[in-house]
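Encoded as structure tokens, the structure appears first; notes follow it.
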Amino acid sequence: SNFLNEKGKKRAEALVKWIGTTVPKKYTDSVPVSATYSPLPGPFGEDSRPRQLISPATFALDLSIYGTKRYFETEASADEIIGNPYLKNRPVVVCWEHGCTQKLINALLARVPGKVIFDPKTTPGYIPVWSGSDFASVVILKKNGMDVTVSFSCENVLPGDTEECATYTQPGVQTCKVY
């Protein structure tokens with residue numbers, strides 16, 4: 001389906017509070033999120049769920065929304081995120097399509113000029129694979145000088161989120177398919 005189901009709509013509404021209060025409190029040293037980024041839907045509305053999911057928070061929190069690339073254009077999207085002067089050194093929430101999330105994160109990390117440091121609870125250098133039922137996993141990329149620390153968490157905005165979250169120690173490679 002190209003549209004959020006009822007649970008997806010509930011998650012979208014819950015993300016308003018999560019992005020507005022939990023993210024600054026837990027991940028960004030009290031700096032509020034300044035923008036959201038999600039892939040551009042296809043010409044017939046396909047692949048529009050990431051943007052539908054993030055839009056309520058974007059509008060409710062009066063944030064800018066960015067993203068002019070499709071979900072499978074991960075290299076170009078990473079360039080767009082890293083190269084946008086407005087997003088430089090500001091907290092941004094990126095909402096992406098399951099099958100290409102791992103590839104987007106790796107593309108972002110490949111553009112880090114310094115060192116990438118992984119959370120010790122993970123397999124070093126490993127970005128998890130998102131299963132089709134995991135809508136709650138969060139990857140945090142936090143810049144500290146030239147270095148970026150990669151850590152993992154779970155939104156926990158809906159019942160059952162903890163059980164849905166990715167296992168961060170199982171290696172795997174996601175295939176980023178074009179449908």
Side-chain angles (χ1 to χ4, degrees), residues 1-28 30-74 76-78 80-81 84 86-87 90-105 107-108 127-142 151-168 172 174-179:
S1 167
N2 293 332
F3 303 101
L4 294 177
N5 61 20
E6 285 308 307
K7 188 173 181 182
K9 290 175 186 173
K10 286 179 183 168
R11 179 172 305 285
E13 289 304 319
L15 287 177
V16 174
K17 182 178 178 191
W18 186 80
I19 290 170
T21 59
T22 304
V23 171
K25 194 181 307 177
K26 197 170 176 182
Y27 303 115
T28 64
S30 300
V31 177
V33 171
S34 61
T36 62
Y37 188 96
S38 64
L40 196 63
F44 303 105
E46 68 274 20
D47 313 314
S48 61
R49 284 180 290 178
R51 189 141 306 186
Q52 291 170 16
L53 188 65
I54 204 71
S55 289
T58 302
F59 295 118
L61 300 171
D62 196 26
L63 304 173
S64 299
I65 190 165
Y66 292 92
T68 65
K69 307 298 178 203
R70 296 287 308 282
Y71 71 91
F72 51 84
E73 297 176 289
T74 54
S77 295
E80 195 171 78
I81 293 167
N84 185 326
Y86 180 78
L87 304 180
R90 293 181 177 189
V92 178
V93 172
V94 177
C95 185
W96 215 252
E97 190 274 335
H98 276 96
C100 296
T101 302
Q102 186 186 55
K103 192 171 178 186
L104 175 66
I105 294 164
L108 288 166
I127 302 296
V129 174
W130 272 256
S131 70
S133 63
D134 180 357
F135 297 99
S137 282
V138 179
V139 178
I140 302 100
L141 306 179
K142 194 169 190 177
S151 58
F152 305 94
S153 188
C154 191
E155 291 170 355
N156 287 323
V157 297
L158 295 179
D161 276 359
T162 304
E163 293 78 25
E164 284 184 12
C165 281
T167 302
Y168 304 121
Q174 230 165 16
T175 53
C176 183
K177 296 178 183 171
V178 179
Y179 300 98

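All values derive from a computational prediction rather than experimental measurement. Numbers here simply count residues along the sequence, with the first being 1.
Summarising the geometry of Lys69 relative to Ser77, their closest heavy-atom pair is CB-OG, 3.2 Å, with the distance given to 0.1 Å. Listed here is the closest heavy atom pair of Val138 and Cys154: CG2-C, 4.2 Å. The heavy-atom pair separating Glu97 from Gly99 by the smallest distance is OE1-N, 3.0 Å. The minimum heavy-atom distance between Ser55 and Ile65, with the atom names listed, is OG-CD1, 4.4 Å.
Scored by the side-chain contact (heavy atoms from CB on, under 4.5 Å) test, Pro159 finds no partners at all (sequence neighbours excluded). Judged as a side-chain hydrogen bond (donor to acceptor under 3.5 Å, both in side chains), and not counting sequence neighbours, the contacts of Tyr27 are Ser153. For Thr28, there are no side-chain hydrogen bond (donor to acceptor under 3.5 Å, both in side chains) partners at least two apart in sequence or on another chain. For Cys100, the disulfide (SG to SG under 2.5 Å) partners are Cys176, not counting sequence neighbours. Looking at residues two or more places apart in sequence or on another chain, you find no side-chain hydrogen bond (donor to acceptor under 3.5 Å, both in side chains) involving Asn84. With sequence neighbours excluded, the residues satisfying salt bridge (Lys or Arg N to Asp or Glu O under 4.0 Å) with Lys142 are Asp29.
A donor-acceptor contact shorter than 3.5 Å is absent between the side chain of Asn156 and the backbone of Leu158. Using a distance-only test at 3.5 Å, with no hydrogens or angles considered, no donor-acceptor pair links the side chain of Trp18 to the main chain of Val23.
When side chains are defined from C-beta on, Ile81 does not count as touching Val92, because their heavy atoms never get closer than 4.5 Å. Using a 4.5 Å cut-off on side-chain heavy atoms (C-beta onward), Ile19 and Ile54 make contact. Put simply, the side chain of His98 does not reach to within 4.5 Å of the side chain of Arg49, judged on heavy atoms.
If you take NZ on Lys25 and OG1 on Thr22, they are separated by 6.0 Å, rounding to the nearest 0.5 Å. Taking OG of Ser151 as the reference point, atom CD1 of Ile140 lies at 4.0 Å (rounded to 0.5 Å). Rounded to the nearest 0.5 angstrom, Leu104 CG and Ile127 CD1 are separated by 10.5 Å. Atom OH in Tyr71 sits 14.5 Å away from atom SG in Cys95 (nearest 0.5 Å). In this structure, Trp96 CH2 and Leu53 CG are separated by 13.5 Å, a value rounded to the nearest 0.5 Å.
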Can I get a per-line list of side-chain donor-acceptor pairs under 3.5 Å for residues 30-40, giving both atom names and the distance, sequence neighbours left out?
residue: Ser34; atom: OG; partner: Pro91; partner atom: O; Å: 3.0
residue: Thr36; atom: OG1; partner: Thr58; partner atom: OG1; Å: 2.8
residue: Tyr37; atom: OH; partner: Glu80; partner atom: OE1; Å: 2.4
residue: Ser38; atom: OG; partner: Arg51; partner atom: NE; Å: 2.9

Name every donor-acceptor pair, under 3.5 Å, that has one atom in a side chain of residues 4-13 and the other anywhere in the protein, sequence neighbours excluded.
residue: Asn5; atom: OD1; partner: Lys7; partner atom: N; Å: 3.1
residue: Asn5; atom: OD1; partner: Gly8; partner atom: N; Å: 2.7
residue: Glu6; atom: OE2; partner: Lys9; partner atom: NZ; Å: 3.4
residue: Lys7; atom: NZ; partner: Glu164; partner atom: OE2; Å: 2.8
residue: Arg11; atom: NH1; partner: Glu155; partner atom: OE1; Å: 2.8
residue: Arg11; atom: NH1; partner: Asp161; partner atom: OD2; Å: 3.1
residue: Arg11; atom: NH2; partner: Asp161; partner atom: OD1; Å: 2.6

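Other residues, nucleotides and ligands contribute at most 12 non-hydrogen atoms within 6.0 Å of the CZ atom of Phe44.
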